[in-house]
Amino acid sequence: MPERARASRRLNAAAAILEATAQCMDADSSVFLMGEGVADPKGIFGTTLGLVDRFGPDRVIEMPVAENGLTGIAIGAALMGRRPVMVHQRVDFALLALEQLLNNAAKTHFVTNGVHKVPLTVRMIIGRGWGQGPEHSQVFDSVFAHVPGLKVVMPSTPYEAKGMMVAAIRDDNPVIILEHRWMHYAEGEVPLQLYETPLIGPALVRQGDDLTIVASSYALLESIEAADHISEAGIHCDLFDLRIVRPLDLSLIIASVRRTGRLVIVDTGWKMFGVGAEIMAQVTEACFHDLKASPRRLGLPDHPTPSSRGLATTFYPTAQSLAETIAALIPEAAHRLAGPIKALENLRLSVPVDVPNPAFRVPF
Amino acid sequence: MPERARASRRLNAAAAILEATAQCMDADSSVFLMGEGVADPKGIFGTTLGLVDRFGPDRVIEMPVAENGLTGIAIGAALMGRRPVMVHQRVDFALLALEQLLNNAAKTHFVTNGVHKVPLTVRMIIGRGWGQGPEHSQVFDSVFAHVPGLKVVMPSTPYEAKGMMVAAIRDDNPVIILEHRWMHYAEGEVPLQLYETPLIGPALVRQGDDLTIVASSYALLESIEAADHISEAGIHCDLFDLRIVRPLDLSLIIASVRRTGRLVIVDTGWKMFGVGAEIMAQVTEACFHDLKASPRRLGLPDHPTPSSRGLATTFYPTAQSLAETIAALIPEAAHRLAGPIKALENLRLSVPVDVPNPAFRVPF
Amino acid sequence: MHLSAHGHVTRFADRVEVISVSGDDSHWEDQLKSGWGTTRFFAAIEARKANSDLVLVDVMGAIVMSGKSQQQGLGAIVDTYAGRARNDDLGNDVSLALYKDMLRNRRIEEEIARRYTDQEMRCPVHLSIGQEAVSAGVCLALDRQDQIVSTHRAHAHYLSKGGDLKAMLAEFHGKASGCCGGRGGSMHIFDVPAGVLLSLPIVGSGIPVAAGAALAMKQRAEPHVAVAFLGDAAVEEGVFHEAANFAVLHSLPVIFVCENNLYSVYTPLKTRQPDLPLERLGRCHGMPSITADGNDAEAVLAVTRSAVARARAGDGPSFLVFDTYRWLEHCGPNYDNDIGYRTPAEFEAWRGRDPLSRMEEHLRNNGILDAGKIAALEADIDSEIDIAFKFALESPLPGPGEVNVYA
Amino acid sequence: MHLSAHGHVTRFADRVEVISVSGDDSHWEDQLKSGWGTTRFFAAIEARKANSDLVLVDVMGAIVMSGKSQQQGLGAIVDTYAGRARNDDLGNDVSLALYKDMLRNRRIEEEIARRYTDQEMRCPVHLSIGQEAVSAGVCLALDRQDQIVSTHRAHAHYLSKGGDLKAMLAEFHGKASGCCGGRGGSMHIFDVPAGVLLSLPIVGSGIPVAAGAALAMKQRAEPHVAVAFLGDAAVEEGVFHEAANFAVLHSLPVIFVCENNLYSVYTPLKTRQPDLPLERLGRCHGMPSITADGNDAEAVLAVTRSAVARARAGDGPSFLVFDTYRWLEHCGPNYDNDIGYRTPAEFEAWRGRDPLSRMEEHLRNNGILDAGKIAALEADIDSEIDIAFKFALESPLPGPGEVNVYA
Ligand SMILES: Cc1ncc(C[n+]2csc(CCOP(=O)(O)OP(=O)(O)O)c2C)c(N)n1
Ligand SMILES: Cc1ncc(C[n+]2csc(CCOP(=O)(O)OP(=O)(O)O)c2C)c(N)n1
Ligand SMILES: [Mg+2]
Ligand SMILES: [Mg+2]
């Protein structure tokens with residue numbers, strides 16, 4: 001097969017992340033990987049598979065189970081000009097490392113008045129489904145985003161997953177990648193070459209004048225499903241993939257809301273004190289006189305993730321619940337949206353609540 | 001002096017917290033205290049002074065410097081029916097303990113379907129001034145408030161400091177008390193007896209129809225200063241002491257904004273992804289059609305706390321900056337507010353930026 | 001001074017040895033050269049100073065217990081230390097109790113593994129097959145009011161301590177009748193009446209919680225103890241050391257039980273720690289620390305009884321390392337020796353030391369068990385299991401209604 | 001076997017001893033009874049096995065170094081191990097260098113204390129007066145490209161490593177010309193060209209950062225080492241153990257220097273840890289660990305050189321405990337022996353071991369220093385200090401303009 005023909009392939013996001021990592025390690029000998037399981041036979045859900053054979057155990061370092069200490073070690077190496085990539089199989093495990101991340105990683109560039117840099121990338125995987133329970137499913141996007149000095153990114157597609165991974169590794173700042181486990185399955189076109197997608201601003205994924213939707217990570221996949229269904233009923237939305245939670249650049253979204261007058265934000269984490277609150281606050285301030293109705297937020301309800309599928313049914317926002325929210329926001333369209341909502345409900349009921357929706361494997 | 005006459009005295013908040021702790025330990029033998037410095041000659045800025053002599057080292061436990069482990073130990077004791085009170089001299093030190101706090105403390109009641117309780121109180125002191133720098137001054141109110149299962153309270157007055165401390169200790173849930181170092185100096189009437197102030201809802205501190213202000217912790221003291229000054233120019237505000245960040249009950253505030261149509265929130269922590277964002281989002285949703293202008297937020301700018309007083313001047317919201325924000329929100333009053341703003345500026349310039357404002361020692 | 005290994009050596013695992021110290025001092029330097037190692041000499045010297053001639057030492061040379069062989073046999077020394085009398089009959093009762101516990105846990109987990117592919121248990125499961133001797137031995141040394149805190153690999157601990165089987169299986173099925181009402185899943189099982197305080201899925205997270213339970217016991221002057229179960233990876237978390245330091249400092253009645261199955265998920269111990277005995281990590285905090293054969297339930301029991309006696313006597317915590325091996329994959333119902341992180345030979349060697357078969361053989365040899373008795377025991381257990389699964393399967397799922405976020 | 005303490009004992013601190021092992025084996029049991037302790041015997045036996053007759057052991061009996069007395073004196077053994085030659089002249093140069101460093105740090109910090117009440121330095125200051133021998137000895141063993149990571153009590157480390165005095169004082173004054181441009185204050189001082197990588201105010205936080213710097217050095221095969229300074233409280237933070245385990249596992253060129261001044265703020269060591277030598281906490285991870293007199297700059301230097309040589313040779317980390325004492329309050333410029341957490345007698349005893357006076361006496365006795373030379377040195381230092389304070393005071397405050405949040 002000629003090189004040209006392989007220039008872009010369909011990959012799932014896990015493979016895209018693996019490719020990004022390998023290419024960065026090839027291109028720059030200062031890049032190295034650390035994590036619990038990075039060198040094991042499963043290779044972090046396939047995202048680090050084979051790297052230890054290629055780059056050796058000095059650049060693919062299997063960690064002791066000691067998240068705080070190893071984060072400090074990664075920071076120390078980063079200060080000396082290395083580019084460590086650390087992986088946590090769950091966001092939740094990184095809770096142990098917050099002192100290092102929120103203080104030393106986030107603040108050292110500021111504290112040293114720009115002299116030191118901390119080019120650290122930390123991948124954290126958001127768990128969901130199969131009864132994960134309360135401590136294997138947390139998101140904490142708004143927690144990381146609260147802290148100046150960190151960059152916080154949430155890829156939603158294989159293309160972005162690769163491009164943001166490359167950009168994160170090359171970035172001279174500490175970048176937290178919040179990577180949804182169910183996003184790993186999503187497939188899409190991924191260029192073969194080493195490219196980066198810039199770590200600033202959202203991406204417009206669907207276009208329309210009736211309403212603006214902002215979603216990130218896995219919530220984007222549900223939102224696409226909703227947007228496509230309601231567009232069949234003639235309701236067309238600007239749908240943004242938020243992509244970058246910090247630094248937060250809302251200018252495109254503000255321009256959109258000025259036009260649509262309506263905004264719904266779908267959070268991947270808890271709604272209360274979540275990312276949606278900040279977006280809603282900033283957009284409201286900027287677009288107050290253009291708003292036709294109050295912006296709305298969807299997100300996880302105000303309790304920990306239950307393990308049982310019996311309790312999970314109403315826990316996560318869905319394409320259906322988003323469509324219902326939109327119907328409430330545009331009363332004049334409510335009647336037309338009944339059909340799509342019903343269709344989305346049927347779709348939802350056709351797959352178990354606790355495994356990835358196979359339909360989302362090829363969302364783009 | 002007859003007992004009656006001492007029924008209520010002027011105390012500063014530090015003394016009020018000490019009294020609350022002593023009275024709770026007297027009343028309930030399951031209450032005990034742990035912390036770095038709880039038994040030392042300074043007694044956590046005086047808030048634990050003398051307790052070790054009265055209750056012995058088994059109930060006033062001087063901790064090793066091991067925040068995560070000791071938090072887990074406190075949780076284990078709480079599960080067995082004890083009522084531990086842990087103190088951190090800075091919020092920042094508790095970053096090491098977040099796995100225990102955000103998981104085991106916050107979620108165990110939920111996970112065990114209501115069987116277990118975690119009656120733990122954790123006092124964390126917010127540092128400010130005298131060049132504390134980036135890691136001795138963080139607030140993280142919105143971080144704790146993001147997590148269901150915790151209660152998060154921020155006292156602003158000696159009366160509340162005592163009453164909320166008592167309520168926290170008696171509460172069967174984990175309660176985080178975010179206690180501002182500069183609030184310790186505030187003086188006010190404090191009843192002698194053991195009383196609690198309920199851990200729900202804000203308190204109305206000043207009344208008026210022109211605007212609603214919500215502030216918490218030390219920001220309340222600045223806000224009172226501002227409200228009192230602008231009221232001289234005929235602008236009267238509903239000023240709420242937020243008190244309780246989680247569970248967040250905004251009904252009184254929503255009712256107020258329905259009347260005033262204007263809202264300013266003053267955060268003690270960073271503005272971005274701060275408490276003000278959630279309040280603004282909820283109030284906007286509830287009061288959209290009553291709002292005369294977009295709500296506004298004040299808070300810390302998007303960088304770490306600098307140590308130098310040269311950089312601190314513009315870092316913290318002040319009574320002056322609040323008054324200026326109000327003037328911008330009520331354009332028709334801007335002219336009248338010029339005088340009070342000037343007066344507030346003069347007041348601000350009359351005290352150094354990095355020590356507590358002596359005027360706020362007697363704010364009530 | 002002549003030093004020789006006592007016959008009980010294997011009984012107390014590879015790494016705990018009994019040294020009988022004879023009166024003849026002349027050969028000690030020869031012994032040294034013959035590979036005896038200096039740590040044993042050191043212990044022997046200490047025993048001599050204490051006027052003992054029988055001493056139980058661990059691999060680091062620390063004296064676990066010592067005494068006079070003429071007055072007391074080793075077993076008696078152990079039991080004196082543990083504050084319990086022991087004779088052959090009780091020995092057999094104890095062995096049988098340990099056997100039953102292991103047999104029951106084995107069959108329960110085998111049934112979980114078998115049924116897992118039905119996809120009715122929709123949560124991760126971490127099975128303890130191969131490791132049953134640890135929970136059996138530890139929990140038999142405990143009273144009901146003693147508390148245990150477990151980990152992600154909690155089933156065996158929960159069951160050995162007396163946790164309700166139905167409530168456990170119902171929880172795995174996500175049912176309202178589960179011990180967590182479906183909130184927690186398999187990594188959160190607990191049972192208050194049985195003294196299973198909590199299980200926690202975050203590695204190391206339960207260690208200080210157990211120490212805290214012990215603090216409460218101490219503050220209330222209760223004669224109970226708390227046990228923290230932990231894996232060989234959990235000692236890598238700093239929180240282990242933080243809890244250990246405090247427990248020693250305050251003489252808390254807590255026992256840190258480290259189940260060393262050589263792996264953290266697929267990562268071997270030697271990739272995560274220098275090649276040194278794990279017990280050093282307890283000893284450095286100043287607590288008695290010992291390694292025993294974690295596939296020998298009696299050794300586990302004896303060592304745990306010593307630690308429990310210490311704790312109840314107010315003498316503080318202990319660190320117990322039990323060497324053992326997990327047969328199945330880290331998480332899930334399958335054998336996974338094919339995927340490359342451990343050799344089939346290693347696995348077979350450990351399977352050869354199956355704690356259940358070893359105990360069965362011991363009891364058969366002693367005439368306590370025969371094929372008929374075993375079949376009867378198995379039938380009993382299987383019917384209990386059937387009933388419990390039926391209960392779990394028939395229980396309703398919880399509805400999305402009330403959630404207990406606040407007390 | 002006859003064992004006796006060598007004359008160098010006091011030179012290497014109370015808790016490090018030199019044992020010379022003579023050929024006569026008959027008295028060993030007498031020695032044992034006479035309180036010599038078994039750890040020394042153990043070391044002596046090991047030395048014998050290694051065919052040495054001179055052995056330097058620490059209090060735990062671990063052999064720090066050994067050799068043959070006829071071939072090499074102890075000093076030579078030390079230096080062989082450290083990979084450096086040493087003769088009397090160099091010895092005096094070294095002593096003088098250590099003295100100058102301590103004198104300079106002492107006078108700088110005394111001046112800070114004196115001026116602190118002017119309220120121009122508006123940030124917390126944690127002074128090292130009384131502890132100067134540690135930074136002097138450690139940093140003299142380091143090259144410029146070696147990195148140190150310090151704590152809240154950072155001044156002496158920063159200065160001994162070659163950090164810029166003006167930039168430090170300007171930082172304390174919150175000035176734009178401060179090493180952090182006023183962002184950090186006294187707990188964040190750093191100096192890249194001098195190899196002061198960072199100072200960090202959170203207890204224990206810098207320990208893994210230093211290990212990470214060492215990882216970078218190892219990955220790039222550079223011959224440098226990293227030093228983590230830490231206090232006696234920092235070993236209570238789990239992160240110390242996490243970093244230590246990884247450093248040993250990967251043979252990182254990092255040295256953990258624990259300055260044991262017996263207190264964490266006002267809380268004595270015995271209230272926070274069991275009464276055991278701190279070095280056990282390094283040893284349990286499998287790294288050479290040693291305690292030395294932290295008020296004897298030469299002992300600090302010798303021990304650190306050994307550790308540096310090990311690290312540069314690829315043999316991995318060491319844990320060095322230096323016993324010392326802080327004279328002033330935890331934070332601030334005053335004496336605080338009146339407030340009740342430590343006795344005046346304890347303080348006076350430690351003041352009697354002033355590292356600076358001890359070195360001065362040594363150098364006077366050896367004819368290297370006299371009153372005139374000392375006065376000249378002091379005058380030099382004082383004028384440097386004056387100039388630096390003037391610089392700090394005259395520098396402008398940073399304006400609320402650009403802040404570097406992102407690179
Ligand atoms: C803090 C944290 N890091 C990582 C994990 C992921 N994890 C779950 S179990 C496990 C292995 C633990 O190994 P060990 O303690 O030896 O117990 P074992 O599984 O062998 O019984 C890991 C790393 C976790 N649950 N928590
Ligand atoms: C995590 C954390 N907990 C508590 C503190 C408060 N604190 C600052 S210095 C200090 C004492 C540290 O003692 P030690 O490590 O012995 O150093 P020393 O001050 O004696 O030099 C403490 C507890 C802190 N800075 N960080
Ligand atoms: Mg294991
Ligand atoms: Mg100290």
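Lettering follows sequence order; numbering is per chain, from 1. Every heavy atom of this structure was used, including side-chain atoms; hydrogens, water molecules and symmetry mates were not.
Minimum heavy-atom separation, B:Leu311 to D:Pro398: CG-CG, 3.6 Å. Closest of all the heavy-atom pairs between D:Leu397 and D:Gly174 is CD2-O, 3.4 Å. Closest non-hydrogen pair, D:Ala243 versus D:Ile207, comes out as CB-CG2, 3.9 Å. Counting all heavy atoms, side chain and backbone alike, B:Val65 lies closest to D:Ala233 at CG2-CB, 3.7 Å. When every heavy atom of D:Phe319 is checked against every heavy atom of D:Leu278, the shortest pair comes out as CE2-O, 3.4 Å. Scanning both residues, B:Asn104 and B:Val118, for their nearest heavy atoms gives O-CG2, 4.2 Å.
In terms of non-hydrogen atom pairs under 4.5 Å with chain B, the most contact-rich of D:Gly184, D:Gly399, D:Gly340 is D:Gly184. Your options are D:Ala176, D:Pro201, D:Pro396, and the one with the most heavy-atom pairs under 4.5 Å with chain B is D:Pro201. Of the listed residues (D:Gly185, D:Pro124, D:Gly238), the greatest number of heavy-atom pairs within a distance under 4.5 Å of chain B belongs to D:Pro124. When each of B:Ala66, B:Pro41, B:Gly37 is scored by its heavy-atom pairs under 4.5 Å with chain D, the top score falls to B:Pro41. Of the listed residues (D:Ile202, D:Leu269, D:Val239), the greatest number of heavy-atom pairs within a distance under 4.5 Å of chain B belongs to D:Ile202.
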| task | Please step through side-chain contact (heavy atoms from CB on, under 4.5 Å) for the pair B:Thr21 and B:Thr47, ending with a clear verdict. | result | CA-CA 8 Å; B:Thr21 311; B:Thr47 61; over 6 Å; no
| task | Would you please test B:Asp267 and B:Leu300 for side-chain contact (heavy atoms from CB on, under 4.5 Å) and show each step? | result | CA-CA 7 Å; B:Asp267 267 351; B:Leu300 304 185; over 6 Å; no
| said: Walk me through whether B:Met25 and B:Val60 qualify under side-chain contact (heavy atoms from CB on, under 4.5 Å). | reply: CA-CA 10 Å; B:Met25 291 181 77; B:Val60 181; 4.0 Å; yes
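For B:Leu95, no part lies under 4.5 angstrom from a heavy atom of chain D. Proximity to chain B (any heavy atom under 4.5 Å) is shown, for D:Ile339, by both the backbone and the side chain. Only the side chain of D:Met187 comes within less than 4.5 Å of a heavy atom in chain B; its backbone stays farther off.
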Which N or O donor-acceptor pairs, by atom type, sit under 3.5 Å across chain B and chain D?
residue: B:Lys42; atom: NZ; partner: D:Tyr266; partner atom: OH; Å: 3.0
residue: B:Glu62; atom: OE2; partner: D:Thr267; partner atom: OG1; Å: 3.4
residue: B:Val65; atom: N; partner: D:Glu236; partner atom: OE1; Å: 2.7
residue: B:Val65; atom: O; partner: D:Glu237; partner atom: N; Å: 3.3
residue: B:Trp130; atom: NE1; partner: D:Tyr116; partner atom: OH; Å: 2.9
residue: B:Gly131; atom: N; partner: D:Arg122; partner atom: O; Å: 3.2
residue: B:Glu135; atom: OE1; partner: D:His188; partner atom: NE2; Å: 2.6
residue: B:Ser307; atom: N; partner: D:Gly182; partner atom: O; Å: 3.4
residue: B:Ser307; atom: N; partner: D:Arg183; partner atom: O; Å: 3.0
residue: B:Ser308; atom: N; partner: D:Gly182; partner atom: O; Å: 2.8
residue: B:Ser308; atom: OG; partner: D:Gly174; partner atom: O; Å: 2.6
residue: B:Asp354; atom: OD1; partner: D:Arg122; partner atom: NE; Å: 3.2
residue: B:Asp354; atom: OD1; partner: D:Arg122; partner atom: NH2; Å: 2.7
residue: B:Asp354; atom: OD2; partner: D:Arg122; partner atom: NE; Å: 2.6

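For D:Phe172 and D:Phe389, the ring centers sit 6.0 Å or farther from each other.
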